[in-house]
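The sequence lines fix the lettering, A, B, ..., with proteins before strands; numbering per chain opens at 1. Hydrogens, waters and symmetry mates play no part in the numbers below; they use all other heavy atoms, side chains included.
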Protein chains: 2
Amino acid sequence: MVGMATTTRRTERRTDALSRARIVEAAIEILDADGESALTFRALAARLATGSGAIYWHVANKSELLAAATDDVVARALGGAASEADPEQEVRTLALRIFDAIDAHPWVGSQLAREPLQLAMQQILEAIGQRLESFGTPDRALFDAASALTNYIVGVAGQNAANARLHVHDEGRTAFLEQVATRWTDLDAEQHPFLSKVAPQLADHDDREQFLAGVDLILAGIRTPH
Amino acid sequence: MVGMATTTRRTERRTDALSRARIVEAAIEILDADGESALTFRALAARLATGSGAIYWHVANKSELLAAATDDVVARALGGAASEADPEQEVRTLALRIFDAIDAHPWVGSQLAREPLQLAMQQILEAIGQRLESFGTPDRALFDAASALTNYIVGVAGQNAANARLHVHDEGRTAFLEQVATRWTDLDAEQHPFLSKVAPQLADHDDREQFLAGVDLILAGIRTPH
DNA sequence: GCACCACTGGAATCACGTTCCAAGCGCGCG
DNA sequence: CGCGCGCTTGGAACGTGATTCCAGTGGTGC
C-alpha cells in the first residue's frame, strides 16, 4: 500500500524491525486476548514499543488492519484441506473448521459480517465451491449453492461474535442463554407460539451441533433436484 | 430505562416534546439518508433542535438507540403477515420482506449481524418458526431449521449492508461487482478454479434472486427427511 | 565523510460518545 | 395566584480513539 519502496532493495535493517506481518500478528494477539474494543493504535503501539505513526507507515488504517488479521486467521483455518472420501463430508469438516476458527477468534465473525467480497470471504467461497463441484450440480445452481452456504456460515459467525462480545471471555454465556430461555418461556404463547415452544431447547442446545445441523440442511437441499 | 417517572403521571407537556419514539424516528431518518456513520448524537441533537444531554434522558446510549431503530424497521417489515395458501410460499414472501426491508435500510443489516438474541432477531425467528410449524417437521429439527433460515437471512443481510456501506447511496455497486468479477477472472485457475469459473455469473447475478435461491435450497433441505 | 531516504516516535488535531450541571417549565398545593 | 419541586432540556466539558504531521535517525551507496 504505502511504503514498500519504489526502489527495489529490501534489506532487513534490524531484526526487530516493524513490518506489516509483525503488526498483524500483534493485532491478532490483542484481539484474541481482550476483544475487539481493545485493539487501538495506542495499545498496538505500546505492545510493539513504538509510536502510532510508525504503524501507519506499514498499514493504511484500522479497517485494513482488521481485514488483514481476518484473512490471516481464515487462511490458517482453511489451510491443508485434507481431502476425504465423501465430498459432502469434506464440506462439513470445512464448515466446522471455519466455525471453530471463529469460535476461537470471535472478532473474525464480526469482521466477516462487516466486509463485503473481501479476501477472507473469497477464500471461504472458493473452498466451499471447490467441494461442491463434485456434487454434480448444474453450474448456475452451483454458484447459488456456494453463496448460500457461505452466507449461512457468515451469519452464524456474526451471531457467535455478538454473543462473545457480550460475555467477554467467560461462560456467563450459559447464564445468558438461560435468561433468554426464560424470557421466551414468559412470552405470551398467543403472540409467540414458536419461541415459547422452543424455549426449553434453547437452554441446552449446542451451538456447534446446531450449526452443523444447518449445514446438513443446506447440503440436503443442494442434493435435492428441486 | 432511565427516566420514565417512578410516579405515575405521564402528561404530555408540549406537543413537540422529545420522546423516545421521536428520537428513534429521527435516527432512522438520518441512517436512511446518510448511512451509519452519519448517526451521531450531535447530528441527532441538531435535527431535533436540542442538546445531546436531552437525548440521553430518553435513551441509554447509542447501541440501545440502534437496537430500537432496528426493532422498529423489522417490526414494520414483518407486520400484517398476510397468510397464503402454501405455507412454504409464506416463508418465501416473509424472507423477501425482510430482504427488501434491509435493502431499503442497509444499516439494519449491520445491526442484525451485530446484536445477539435481541428483539429484532427474536421477531424474525418467531415469524419464520411459526410458518415452519405447518411443515410437519419434528420439534427438535424445527428449531434447527428456523435457526438455519434466520442465520442465513442475517448473513445475507450483513453482506448487503457491507456492500451498501461501501458504495454509499449509488450504483458504483455495478462497477464494484464488475471489478470483483475481473479480479476473479484474473485469479490463477489452478489455485482458484471455482471463483474463476463463476466470475462471469457474478457480474450479472441478481442479489434478490440469489437470496431467494438460497431460501429455496434450505426449504428443500427442510422437506427432505434426511 | 556525505547526502539521502526508508522508517520511526510521539505530539497535535479533530470527532465521538458520554457525563455533568445549571437552568426551564408546568403542575398541584397552599 | 404564586411557590416549590421534579421532570426535562441544552449545551459545555471530558476522555478516548483514529488519523495526520513532523522532526528526527541511522544505514547505504557514493
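Where A:L48 and A:R42 meet DNA chain C, the nucleotide closest to each residue was compared, and A:L48 sits on the side nearer the 5' end.
Taking the side chain as every heavy atom from C-beta outward, B:F211 and B:I153 approach each other to under 4.5 Å. Side-chain contact check for B:F194 versus A:L132: every heavy-atom pair is 4.5 Å or farther apart. Contact of the A:L202 side chain with the A:H205 side chain is registered, since non-hydrogen atoms from C-beta on lie closer than 4.5 Å.
Looking only at atom types and distance, the side chain of B:E36 has a donor-acceptor partner in the side chain of B:S110 under 3.5 Å away.
Using a 4.0 Å heavy-atom distance criterion, A:A49 is classed as a sugar-phosphate-only contact. Contact annotation for A:L39: backbone-only contact, meaning every heavy-atom pair under 4.0 Å involves sugar-phosphate atoms and none involves a base.
C:dT8 atom C1' lies 20 Å from atom CZ of A:R47, rounded to whole Å. When the C1' atom of D:dT9 is taken as reference, atom CD1 of B:I23 falls 11 Å away, rounded to whole Å. If you take CD1 of A:I55 and P of D:dA18, they are 10 Å apart, rounded to a whole angstrom. Following rounding to the nearest Å, B:E36 (CD) and C:dG17 (C1') show an atom-to-atom distance of 17 Å. A straight line from CG of B:L66 to P of C:dT18 spans 10 Å, rounded to a whole angstrom. Counting to the nearest Å, the P atom of D:dG17 and the CG atom of A:N61 are 17 Å from each other. The CH2 atom of A:W57 sits 17 Å away from the C1' atom of D:dA23 (whole-angstrom rounding). Protein atom CZ of B:R20 is 14 Å distant from nucleotide atom P of D:dT8, rounded to whole Å.
Ranking D:dG11, C:dG17, D:dT19 by closeness to the A:F41 side chain, first place goes to D:dT19. Residue B:Y56 has its side chain nearest to C:dT18 when only C:dT8, C:dT18, D:dT20 are considered. Listed candidates were D:dT20, C:dT18, D:dA18. Nearest to the side chain of A:T40 is D:dA18.
For D:dT9, one of the phosphate oxygens OP1 or OP2 lies less than 4.0 angstrom from a side-chain nitrogen or oxygen of B:H58.
Side-chain N or O atoms of A:D144 include none that pairs as donor or acceptor with a backbone N or O of B:Q210 at under 3.5 Å.
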